[in-house]
There are 2 protein chains.
Amino acid sequence: MLQYRPPPATLDPIFHALADPARRGMLERLTLGPASVTQLAEPLPMSLSAVVQHLAVLEASGLVRTQKVGRVRTCTLDTAALTRAETWINERRVAWERRLDRLGEYLAQTKPDDEARGGDR
Amino acid sequence: MLQYRPPPATLDPIFHALADPARRGMLERLTLGPASVTQLAEPLPMSLSAVVQHLAVLEASGLVRTQKVGRVRTCTLDTAALTRAETWINERRVAWERRLDRLGEYLAQTKPDDEARGGDR
DNA sequence: TCGATACTGAAGCATATGCTTTAGTATTCT
DNA sequence: AGAATACTAAAGCATATGCTTCAGTATCGA
C-alpha cells in the first residue's frame, strides 16, 4: 500500500506561514514533539478558533501534518517543507557569496595589496 | 565616522518579504549583482510602481539595501537578513532531527532490532 | 446518561496587501 | 533649452489576513 504523500509544498505558502510569530511559536512548540491543538493554543494570547486558523495555514504550507484520533487532533512537524525553504535561502546566499569571492579575486589581481591598506572612499 | 547600520531585521518582515514570487525573483536577480529599479522590473509582468512597492518591502525587511546616485537607485542584496532566516529554520529543523534521533535510540533500547525490519510510519 | 472536553464552522469586521492609473520631480542626453 | 529617462508619490480598489464571537458536533469520563 502506498504511503500518503502530501502535495509538494511551494515556497509561497511556506514563507507566508513562517511570517507570523504565532505560527512560528507553534512550530517551535512542535520541535519538542507532537501536540494537540489545545496544547498549541495554550501559550498563545488568542482564541482557540484563531489558533485553528493559524494551524490551517501551517497545514496548507506542508510545515505541519495533523491526524485526528477520537476528539483530539495531533500535530507534528514536517521538516520537508522546512528544508525546502532553507535550501532556497541557502542557494541564494551561497550564490551571492561566490560572487563576492570572484569580485575579491578580480580586485586582488587588478590592484594587488590594495585591500590590505583598506582605503575608504 | 561610524558606518551606517541598518536596524536589525526581525523575522516577520523577512519571511513576509520572501513569501512573494515577484520579490523572490528580484532577490534572485540581485544574486547576480547590483541592479537598478528598472532592471529589476524588466522581467516582471507588472508596472514599475508595483515593483517599487515590492522593493520597499524588501528594503524594510533588510534583505535589500539601496542607494541613489543621480536619478538611478541601485539595489544590492544584504545576506545578513537572509542568514537570519536561514538560521532560524535550520535551528528548528536540527532540533526536530535531534529529537527523532533520541526517539530512535530509545526504541532501539526498548525493543532491539525493531527498526531493522522496517516498520512503516 | 450527562457533563466536560476538544475541536469545527460560519459570520462579521478592521486592517493589510498587491496591484492599477495618474501626475508629478529630478537628471541626463542631444 | 527641450526631450527622454528613472524614478517618486498618491489615490483608488479588489481581495486577503487575522482576529473575534456565537453556535454547533463528536468524543470521553464518571
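In the text below, chain A, chain B and the rest are named by the order of the sequence lines, each starting its count at 1.
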Send over the distance from [X] [atom1] to [N] [atom2], rounded to a whole Å.
X	N	atom1	atom2	result
B/Gln39	D/dC7	CD	P	8 Å
B/Phe15	D/dT17	CZ	C1'	19 Å
B/Glu59	D/dT8	CD	C1'	13 Å
A/Leu55	C/dC7	CG	P	10 Å
A/Lys68	D/dC28	NZ	P	10 Å
B/Leu58	C/dT17	CG	C1'	14 Å
B/Asp12	D/dT17	CG	P	15 Å

Who passes side chain to side chain contact (heavy atoms under 4.5 Å, CB included) against B/Ala56, sequence neighbours left out?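 Side chain to side chain contact (heavy atoms under 4.5 Å, CB included) check on B/Ala56 returns nothing, list empty.
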
Going by the rule side chain to side chain contact (heavy atoms under 4.5 Å, CB included), which residues pair with A/Pro21 if we only count those two or more places apart in sequence or in a different chain? A/Arg24, B/Asp12

Please report how far the helix from C/dT1-D/dA30 to C/dT30-D/dA1 bends, comparing the axis fitted to its first five pairs with the axis fitted to its last five, to the nearest 10 degrees.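 Between the axes fitted at each end of the helix from C/dT1-D/dA30 to C/dT30-D/dA1 lies an angle of 30°.
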
List the residues meeting side-chain hydrogen bond (donor to acceptor under 3.5 Å, both in side chains) with B/His16, not counting sequence neighbours, and say none if there are none. none

Who are the side-chain hydrogen bond (donor to acceptor under 3.5 Å, both in side chains) partners of A/Thr66, not counting sequence neighbours? A/Glu59, A/Arg73

Which atom names give the shortest non-hydrogen contact between B/Ser61 and B/Ile14, and what distance separates them?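 Smallest heavy-atom distance, with atoms named: O-CG1, 3.5 Å.
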
If a protein heavy atom is under 4.0 Å from the base, mark B; if only from the sugar-phosphate, S; if neither, -; do that for nucleotides 18-27 of chain D going 5' to 3'. SBBB-----B

Scan the side chains in residues 29-41 of chain B for donor-acceptor partners under 3.5 Å anywhere in the protein, sequence neighbours excluded, and list what turns up.
residue: B/Arg29; atom: NH1; partner: B/Gly33; partner atom: O; Å: 3.0
residue: B/Thr31; atom: OG1; partner: B/Glu28; partner atom: O; Å: 2.5
residue: B/Ser36; atom: OG; partner: B/Gln39; partner atom: N; Å: 3.1
residue: B/Gln39; atom: OE1; partner: B/Ser36; partner atom: N; Å: 2.9

Residues two or more places apart in sequence or in another chain: which of them pass salt bridge (Lys or Arg N to Asp or Glu O under 4.0 Å) with B/Glu97? B/Arg93

Suppose we screen for salt bridge (Lys or Arg N to Asp or Glu O under 4.0 Å). Which residues come up paired with B/Arg23, at least two apart in sequence or across chains?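 Scan of B/Arg23 (salt bridge (Lys or Arg N to Asp or Glu O under 4.0 Å), adjacent residues dropped) gives none.
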
Test of understanding: clusters of I, L, V, M, F, W, Y form through side-chain heavy atoms closer than 4.5 Å, transitively. Do B/Leu82 and B/Leu11 belong to the same one? yes

Hey, does the side chain of B/Ser36 come within less than 4.0 Å of D/dC7's phosphate (OP1/OP2), counting only N and O?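 Indeed, a polar side-chain atom of B/Ser36 lies that close.
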
